[in-house]
Participant: 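Okay, here's the structure, questions in a sec.
A quick note: this is a predicted structure, and the numbers were derived from the prediction, not measured. As the structure lists them, so they are numbered: ligands from 1, and atoms in each ligand from 1.
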Amino acid sequence: MTQPRITLGVSLKMYFSYQQTLAWSEEVAEIARHHPAMVNGEVGLFVLPAFPAIAAIGQIFSATAVSIGAQDLCWEDSGAWTGEVGGPMLAELGCRYVEIGHAERRRHFAETDVQIAAKLAAALRNGLTPVLCFGEAQQLPPDQAIATCRQQLIAALSEANRQQLSGDVVLAWEPQWAIGAPAPAPDAFIAEVCHGLRQLHDLGDFRFRVIYGGSAGPGLLSRLGHQVNGLFLGRFAHQPTALRQIIDEAAALAATSPSATEA
Ligand SMILES: O=C(CO)COP(=O)(O)O
C-alpha cells in the first residue's frame, strides 16, 4: 500500500470517557471527510482509542481515510491470558495499527524489551502495523540519543527478525523527558535525531516511517519540515480545531514533498 507523505497519529491514552471519545471522533471524521489532503491520501491519520471504543469509532471513521488502532496488544494470539487483547481480535475489529512499547507501559506496567519484541512480532503476524514507541529517558546530545534509540530498536525488532517477519513499521520516537511536558523537544534536536534515525538501514526487512511524539502540537510540523515523516500526538490533539490546524500543516508539507510516494 502506498504510504501517505505525512503520517499523523493520535493516542487518546485514558484521557477521554467513552462518550467523549465518540464525540471527538465525530468531529475529526467531519474534518477528514472534507480535507482534500486526507481525501487524496497525502496525509494519513490514525487514531488509537481505549480498547472499548475501538468498534464504535471504527463505525464513525468508516467512510473516511482515518485508520484506527489499539494502544497495546498481547504477544499471544489467543488462550488463557486474562485481561489481554490479542492481535486477531484487533484485526477483526478493523484495526490497522497497534501501539507497542509506550514509555508509560514500560514505566507503569514494567513492560520489558523481550515482551515488546514479542508484541511487535504478534502485530506483524496479524497484519497490523506496529507503532513502535521508543526514546531515551534523559536529555542527551543528539548522537547519544540516536545510539540509545538504535539499541532500543534492535531489541524491539529482534523477535520479528528472528521469525523473518517484514512489513511497515511506524517508528514513534518519543524522548521520555518530552512526554507530558509543556513543550516538545527543541526543533533542532528533533530534526537531528530524526535525520539520524532515518539513516539507520541495518534493522531488518521493514519499511519505516519516523514520526516524533512528546508534547507535539500545532506549529511543530511546519517548523520541522521534511525532517520528520509525521507526528504522534497526545494532549495537543484533544481539541479538534488544533488537530485540524496540524492536518493543514501536514497538507502544506505534503504538497512540497520531495518524493511523490514517501516523505
Ligand atoms: O505519549 C505521547 C503520545 O503517545 C505524547 O503525549 P503528549 O503529547 O500528551 O505529551
Side-chain angles (χ1 to χ4, degrees), residues 6-17 20-21 24-25 28 44-51 53-54 57 66-73 85 90 95-111 116 119-120 123 128-139 145 148-149 152-153 156 169-187 189-190 193-194 197 208-224 228-247 249-250:
I6 305 292
T7 297
L8 301 175
V10 180
S11 166
L12 295 176
K13 305 197 184 187
M14 205 180 74
Y15 280 110
F16 287 172
S17 70
Q20 283 174 316
T21 303
W24 179 90
S25 298
V28 174
L45 173 65
F46 62 81
V47 173
L48 314 179
F51 284 127
I54 290 173
I57 77 157
V66 179
S67 300
I68 60 164
Q71 297 174 16
D72 189 25
L73 88 170
V85 180
L90 296 178
C95 289
R96 241 188 87 196
Y97 290 87
V98 63
E99 184 176 356
I100 291 167
H102 191 277
E104 287 150 17
R105 295 216 54 87
R106 292 182 191 253
R107 186 181 326 124
H108 303 307
F109 303 98
E111 279 196 8
I116 288 163
K119 288 181 177 195
L120 191 130
L128 300 163
T129 298
V131 179
L132 173 58
C133 300
F134 61 99
E136 69 284 9
Q138 284 97 28
Q139 286 189 260
T148 303
C149 290
Q152 290 180 13
L153 291 176
V169 178
V170 175
L171 298 183
W173 168 54
E174 301 198 302
Q176 292 176 35
W177 48 270
I179 297 173
D187 298 348
F189 177 75
I190 297 176
V193 176
C194 285
L197 294 172
F208 293 123
R209 281 171 274 172
V210 177
I211 65 175
Y212 168 82
S215 307
L220 181 62
L221 200 51
S222 301
R223 298 199 304 273
L224 294 174
V228 292
N229 296 134
L231 295 177
F232 193 28
L233 300 153
R235 289 159 297 145
F236 298 117
H238 287 178
Q239 294 297 332
T241 49
L243 182 55
R244 183 205 296 267
Q245 204 177 318
I246 296 165
I247 294 169
E249 292 177 51

Participant: Parallel, tilted or perpendicular: which one describes the rings of Trp173 and Tyr212, with boundaries at 30° and 60°?
Facilitator: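 The rings of Trp173 and Tyr212 stand perpendicular, inter-plane angle above 60°.
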Participant: With atoms numbered from 1 as shown, which atoms in ligand 1 lie under 4.0 angstrom from a non-hydrogen atom of Lys13?
Facilitator: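 Result: 1 (O), 2 (C), 3 (C), 4 (O), 5 (C), 6 (O).
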Participant: Which ligand 1 atoms are under 4.0 Å away from a heavy-atom of Ile179?
Facilitator: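 Answer for ligand 1: 1 (O), 10 (O).
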Participant: Can you sort out the partners of Tyr15 under ring-ring contact (aromatic ring centres under 6.0 Å, His included), two or more places apart, ordered by chain and number?
Facilitator: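 If we apply the ring-ring contact (aromatic ring centres under 6.0 Å, His included) test to Tyr15, skipping adjacent residues, the hits are His238.
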Participant: Considering Arg235, Gln176, Glu174, His102, which one's heavy-atom position lies nearest to atom 5 (C) of ligand 1?
Facilitator: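 Nearest option to atom 5 (C) of ligand 1, by heavy atoms: Glu174.
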Participant: Work out whether the distance between some heavy atom of Phe236 and some atom of ligand 1 is less than 4.0 Å.
Facilitator: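 Phe236: no contact with ligand 1 (<4.0 Å).
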Participant: Which atoms of ligand 1 are found less than 4.0 Å from any heavy atom of Gly234?
Facilitator: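 In order of numbering, the contacting atoms are 6 (O), 7 (P), 8 (O), 9 (O).
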Participant: Provide the number and element of each atom of ligand 1 under 4.0 Å from a heavy atom of Gly180.
Facilitator: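 In order of numbering, the contacting atoms are 10 (O).
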Participant: Who pairs with Glu111 by side chain to side chain donor-acceptor pair (under 3.5 Å), at least two apart in sequence or on another chain?
Facilitator: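 So Glu111 forms a side chain to side chain donor-acceptor pair (under 3.5 Å) with Arg105, Lys119.
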Participant: For Arg244, does the CZ atom sit with more than 12 other heavy atoms under 6.0 Å from it, leaving out its own atoms?
Facilitator: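 Atom CZ in Arg244 is not crowded, with 12 or fewer foreign heavy atoms closer than 6.0 Å.
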Participant: Could you tell me which atoms of ligand 1, counted from 1 in the order shown, lie closer than 4.0 angstrom to a heavy atom of Ser215?
Facilitator: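 Here the atoms of ligand 1 in question are 7 (P), 8 (O), 10 (O).
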Participant: Would you say Ser11 and ligand 1 have an N/O pair spaced under 3.5 Å apart?
Facilitator: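 No, Ser11 has no N/O under 3.5 Å of an N/O on ligand 1.
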Participant: Shortest non-hydrogen contact from Ile116 to Ala156?
Facilitator: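 In terms of heavy atoms, the two residues are closest at CG2-CB, 4.0 Å.
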Participant: Assess whether side chain to side chain contact (heavy atoms under 4.5 Å, CB included) is satisfied between Trp24 and Leu12, documenting all intermediate values.
Facilitator: CA-CA 10 Å; Trp24 179 90; Leu12 295 176; 4.1 Å; yes
Participant: Say whether Gly213 and ligand 1 are in contact under the criterion: heavy-atom distance to a ligand atom below 4.0 Å.
Facilitator: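 No heavy atom of Gly213 comes that close to ligand 1.
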Participant: When you look at CD of Gln20, are more than 12 heavy atoms from neighbouring residues, nucleotides or ligands closer to it than 6.0 Å?
Facilitator: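 Atom CD in Gln20 is packed in, count exceeds 12.
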